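Please read these numbers as outputs of a predicted model, since none were measured by experiment.
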Amino acid sequence: MVGVNAATWGIAGLATFGVIARPWNFPEFIWAVVGAALLVLLNLLPWPDALAAAAKGTDVYFFLIGMMLLAEVARKEGLFDWLAAQAVQWSKCSAKRLFLIVYVVGTIVTVFLSNDATAVVLTPAVYAATRAAKVEPLPYLFICAFIANAASFVLPISNPANLVVFGTQMPPLSEWLRLLRAAVRGRDRRNLHRAAADAAPRARRGSRHCRRHAGVYTWRQARGSRDRRDGAVVLLVASGLGRDLGFPTFVAGTAVTIMVHLIGRKSPMPILKDVSWSVLPLVAGLFILVEGLNRTGVLPSLAGILKAAATASPQITSWIAGVCVAVASNLVNNLPMGLIAATTSQAAQVPAHVTGAILIGVDLGPNLSVTGSLATILWLIALRREGEHVAAWQFLKLGLVVMPPALLLALLALAAVSS
């Protein structure tokens, strides 16, 4: 049994390393899928259990497909170009003002449409805006990644991992806001600003160029904007009714895609071709790897330890849990880490503020590395499509500046409101 457990942990560790480092430039999903397949082929995880584990992510798959379809329709209809023009116009060709616009819009999109929407939808718009303003794009693109995680615990719908952490024990919205609003205020946004703004050059004195890019756009862009808003309305209504977000988002994305192409009398194949389908096997592979770890018996043991610690000292336990989950989210990704944390904390029946600390770790912790969250991985994929590349070490250097202070201040604020 010890050998079986060691093999499972070894495969999971190597698969995680592959996702992080991408040896030989193989895509992230290859390593997750190969790791999951090895667990099944070596009889470390029965294939029915592997299929059941992958099926746990069905709502996430639907959500991602719908969001990616909406993003591709918006791209093809020119919505990103329109947003870029508006951002450049509002910024008046000021790099600092453009930075603030990206920050504010990123926060709003994350809070109400989820961090994955920020990664998939906002990143291309920000890239287009920086090219129009003739500034270095990477500092502004980093804000998309950081804010997608940092603002993702404001509402339950802001991050699919939030739904995973609480599961069927989701608190009422009023209790959610009471528990986490202090943590929101406790985030040190100046660290986020300094980390990326230090790298941002001033906009070139090309005001005429900027104004030309902020010109008039056609009816196609306006139509794309309306279709995208319709998708947002569906998502908000579903969340308000307490329904799963995945299927409504999938229906909205599919309906918008069909409607736009019927009106334009064109084939949807370019849209389907450009969707980043590789993210789906990546997520499925991660779910299967987590199930393999669960079968080693480590999660029941962790639940016992967590329960004893929470009973003895709930405040200290919340600090330790938040920090440990934040670091671990960068090792296995925060979505499977959310599954692990949910299984452990629900079995241990910990107090609400301990669960809140775990949630903060799941949502803020991923700002340390490129593999911390699904949103960051989607952000990387979006960057590659625009011809931009961010190395793991490049992200880590900024993550070390951004994540630890924000995490500690958020946990401190949570402790204050819970005491």
What verdict does the side-chain hydrogen bond (donor to acceptor under 3.5 Å, both in side chains) test give for N330 and S369, after you've listed the backbone C-alpha separation in whole Å, the side-chain angles of each residue and the deciding distance to 0.1 Å?
CA-CA 6 Å; N330 293 279; S369 72; 2.7 Å; yes

Tell me if the aromatic rings of F142 and W379 count as close, with their centers under 6.0 Å from one another.
yes

With a 4.5 Å heavy-atom cut-off, do W277 and I65 have their side chains touching?
yes

Closest non-hydrogen atom pair, T130 against P137:
OG1-CB, 3.2 Å

Are V279 and L378 close enough that some pair of their side-chain heavy atoms sits under 4.5 Å apart?
yes

How many angstroms lie between atom CG of N25 and atom CD1 of I30, to the nearest 0.5 angstrom?
12.5 Å

Nearest non-hydrogen partners of G338 and V362, listed with the distance
CA-CG2, 4.3 Å

Distance check, rounded to the nearest 0.5 Å: L14 atom CG versus L38 atom CG?
9.0 Å

Taking C-beta and beyond as the side chain, do H389 and L383 meet within less than 4.5 Å on heavy atoms?
no

Rounded to the nearest 0.5 Å, how far apart are CG of L272 and CE of M68?
11.0 Å

Please table the atom pairs, donor to acceptor, closer than 3.5 Å between any side-chain atom in residues 42-57 and protein atoms at least two apart or in another chain.
residue: D49; atom: OD2; partner: R295; partner atom: NH1; Å: 2.8
residue: K56; atom: NZ; partner: E291; partner atom: OE1; Å: 3.3

Which atom pairs, donor and acceptor, lie under 3.5 Å between side-chain atoms of residues 393-413 and protein residues at least two apart or in another chain?
residue: Q394; atom: OE1; partner: A391; partner atom: N; Å: 3.4

Is there side-chain contact between L306 and S345, with heavy atoms separated by less than 4.5 Å?
yes

Could you check whether any side-chain heavy atom of V325 comes within less than 4.5 Å of a side-chain heavy atom of S329, counting everything from C-beta outward?
yes

Interatomic distance, F62 atom CZ to D59 atom CG [nearest 0.5 angstrom]
8.5 Å

Take L69 and V275 through the side-chain contact (heavy atoms from CB on, under 4.5 Å) test and state the conclusion after the steps.
CA-CA 7 Å; L69 286 173; V275 168; 4.1 Å; yes

Minimum heavy-atom separation for L289 and A32, please, with both atom names.
CD1-O, 4.3 Å

Under 4.5 Å between any side-chain heavy atoms of L293 and L299, yes or no?
no

Measuring only between side-chain heavy atoms, which start at C-beta, is V390 closer than 4.5 Å to L138?
yes

I want to check something: taking the side chain as every heavy atom from C-beta on, are Y61 and F287 in contact at a cut-off of under 4.5 Å?
yes

Paired with N149, the side chain to side chain donor-acceptor pair (under 3.5 Å) test is passed by just one of T110, T376, N334, namely T376

Closest contact, heavy atoms only, W31 versus G18
CD1-O, 3.2 Å

Using every non-hydrogen atom in the two residues, find where G106 and L122 come nearest and quote the distance to one decimal.
CA-CD2, 3.4 Å

The test is side-chain contact (heavy atoms from CB on, under 4.5 Å); show your working for I377 and V370 and say whether it passes.
CA-CA 6 Å; I377 294 175; V370 294; over 6 Å; no

Check for a donor-acceptor pair, side chain of T118 on one end and backbone N or O of A148 on the other, with a separation under 3.5 Å.
no

Exam field: side chain Y127 to backbone E386, donor-acceptor pair closer than 3.5 Å:
yes

Output, in order, the C-alpha distance, side-chain angles, deciding distance and verdict of side-chain hydrogen bond (donor to acceptor under 3.5 Å, both in side chains) for S373 and N115.
CA-CA 10 Å; S373 71; N115 60 344; 5.0 Å; no

Spacing of NE2 belonging to H261 relative to CE belonging to M269, to within rounding of 0.5 Å:
10.5 Å

With rounding to the nearest 0.5 angstrom, report the SG to CG distance, C324 to L302.
10.0 Å

Restricting to non-hydrogen atoms, name the atom on T257 and the atom on G253 that form the minimum distance, rounded to 0.1 Å.
OG1-O, 2.7 Å

